Amino acid sequence: MNETAKRARAAIDLAAVRSNVRALRDRAPRAELMAVVKSDGYGHGAVRCARAAREAGAGWLGTALPEEAFALRAAGDTGRLLCWLWTPGGPWRRAVEQDIDVAVSGMWALREVTGAARECGRTARVQLKIDTGLGRNGCAPADWAELTAAARAAEAEGTVAVTGVWSHFACADEPGHPSIAAQLAVFQEALKTAGAAGLRPEVRHIANTPALLTLPEAHFDLVRTGIGIYGISPSPEVGTSQDFGLRPAMTLEASLASVKRVPGGHGVSYGHHYTTPGETSLALVPLGYADGIPRHASGTGPVLVAGKWRTVAGRIAMDQFVVDLGGDSAEPGDPAVLFGPGDRGEPTAEDWARVAGTIGYEIVTRIGSRVPRVYVDSGIRNEAGGDSALTGGTA
Ligand SMILES: *Cc1c(COP(=O)(O)O)cnc(C)c1O
């Protein structure tokens, strides 16, 4: 462990990422897999996770921001890569020059990308996005005929190639939700309209991780999976990560900064929301909300210390929180495991999500830049379990 990782570290198991990508590909055998590595790989490190996903057969990578896509190119990735969150005046030309597929949700974006393509004398790879009901990004169905016709005209002129038609679900994490079938029907219509306009997209796609896991009819040519490659279930309704042979890739651990005996009746942390019930030992965990530990988990967050689950005692502060060890003992420097895959008795990110009233996505994505990522390789090859002790080098 390097010195900066002594306070706390997020160990990222790249073998788990590879194993998850393989498990997900097995569930969508006719589709290509896009590994979504936006927001620094959901907090796991975009470049390392992208590389691991490619090794396990991801044909595509996906990011939200163009800057995130450029960072992958700068790190040497040369494969297919889609980036979807654009605003007017965005770096279209750079994306075209770097062979990045770009999402287009409206006429303004089509105008900007064709302009950029003309400027640099290249053909832009464009993926048209239809809003099939999410009500977020994507072209409104009423404007779809105009957008597809204009894209076809730009193809004829040689400035763009429409490589994809795609959309995104609102409620795929609630299997059986009526909006799912409704969105699929709108998507089928949009594909017909695109076909009638003369477009022949290479990939049609709508599935995120929950749709990949629960809805084979939504796989089409490509599945965009983010949370699944990091080994976390999208929602309790979809199931647990173990149900799908997925293994959480991130283990968040700290070294106890202090352990001390205090008498009963001692208030703990801001506001004294916890008072020691009797003489006890308090252990100080040097992680706080500035590191992404949700303050909403004050008094409820689970932590493995000295072989047992403990609960955060009192408020989570900016940089630290306390656990009450009861009658047990520990030493400064001993490990406190906030979450991991769960098989050494530690809580999981999904456990933290439950007590904080949020989703596993937010727990891992918010882990801050003060927490160094340490890359390990457990050597696991699939979900079959077995010994998963983290071994191997750090980076
Ligand atoms: C984040 C995102 C995904 C990945 O979603 P998961 O639920 O993490 O698989 C897919 N598509 C789009 C458009 C996204 O923004």
Side-chain angles (χ1 to χ4, degrees), residues 17 20-21 23-25 27-28 31-44 46 49-50 53 58-69 72 80-87 100-106 109 126-139 164-175 177 179-180 183 187 203-215 218-241 244 246 248-250 349-350 353 358-366:
V17 173
N20 294 333
V21 168
L24 292 160
R25 286 181 68 206
R27 286 188 177 268
E32 287 253 34
L33 182 140
M34 175 188 291
V36 178
V37 294
K38 63 190 178 188
S39 195
D40 202 22
Y42 292 37
H44 294 66
C49 291
W60 288 77
L61 298 177
T63 69
L65 308 186
E67 291 74 17
E68 296 172 328
L72 296 169
R80 295 302 287 276
L81 167 55
L82 172 67
C83 148
W84 52 75
L85 191 54
W86 289 87
T87 42
I100 294 165
D101 286 60
V102 297
V104 161
S105 292
V126 163
Q127 301 217 354
L128 301 179
K129 186 176 192 187
I130 170 89
D131 182 357
T132 52
L134 174 60
R136 211 173 63 177
N137 210 349
C139 177
V165 169
W166 67 294
S167 190
H168 196 41
F169 280 118
C171 307
D173 57 345
E174 298 172 50
H177 193 284
S179 67
I180 296 170
Q183 285 197 255
F187 191 52
V203 285
R204 303 158 300 160
H205 50 108
I206 188 170
N208 52 2
T209 300
L212 186 167
L213 294 175
T214 64
L215 204 66
H219 290 173
F220 292 93
D221 308 307
L222 180 65
V223 288
R224 305 185 308 271
T225 170
I227 201 68
I229 71 173
Y230 308 106
I232 294 173
S233 167
S235 69
E237 292 83 351
V238 167
T240 65
S241 46
F244 300 103
L246 301 174
M250 183 189 290
E350 290 164 60
T358 184
I359 52 177
Y361 297 72
E362 188 178 6
I363 298 296
V364 290
T365 304
R366 287 177 69 109

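Quick note: residue numbers are just sequence positions, from 1. Note that ligands are numbered from 1 as they come in the structure, with each ligand's atoms numbered from 1 the same way. None of the values given here were measured: they were computed from a predicted structure.
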Asks: Under 4.0 Å between a side-chain nitrogen and a carboxylate oxygen: does that hold for R136 and D131?
Replies: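 A salt bridge is absent here (no side-chain N lies under 4.0 Å from a carboxylate O).
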
Asks: Every pair of nitrogen or oxygen atoms between ligand 1 and the protein that is under 3.5 angstrom apart - can you list them with their distances to 0.1 Å?
Replies:
residue: ligand 1; atom: 7 (O); partner: Y361; partner atom: OH; Å: 2.7
residue: ligand 1; atom: 8 (O); partner: Y42; partner atom: OH; Å: 2.6
residue: ligand 1; atom: 8 (O); partner: I227; partner atom: N; Å: 2.8
residue: ligand 1; atom: 9 (O); partner: T209; partner atom: N; Å: 2.9
residue: ligand 1; atom: 9 (O); partner: T209; partner atom: OG1; Å: 2.5
residue: ligand 1; atom: 9 (O); partner: G226; partner atom: N; Å: 2.9
residue: ligand 1; atom: 11 (N); partner: R224; partner atom: NE; Å: 2.9
residue: ligand 1; atom: 11 (N); partner: R224; partner atom: NH2; Å: 3.4
residue: ligand 1; atom: 15 (O); partner: K38; partner atom: NZ; Å: 2.6
residue: ligand 1; atom: 15 (O); partner: W84; partner atom: NE1; Å: 3.4

Asks: Indicate whether the side chain of T209 and that of T225 have a donor and an acceptor atom separated by less than 3.5 Å.
Replies: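 Result is yes, a qualifying pair exists.
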
Asks: Determine which pairs satisfy side chain to side chain donor-acceptor pair (under 3.5 Å) with at least one residue from residues 59-68, sequence neighbours left out, and list them in order.
Replies: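 Found none.
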
Asks: By the salt bridge (charged side-chain N to carboxylate O under 4.0 Å, His left out) test, which pairs, at least two apart or in different chains, include something from residues 204-215?
Replies: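 Counting only pairs at least two positions apart or across chains, the salt bridge (charged side-chain N to carboxylate O under 4.0 Å, His left out) contacts touching residues 204-215 are R204-D221.
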
Asks: Please lay out, stage by stage, how L246 and L24 fare under the test side-chain contact (heavy atoms from CB on, under 4.5 Å).
Replies: CA-CA 8 Å; L246 301 174; L24 292 160; 4.0 Å; yes

Asks: Go through the structure and list residues passing salt bridge (charged side-chain N to carboxylate O under 4.0 Å, His left out) with E362, not counting sequence neighbours.
Replies: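 R366.
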
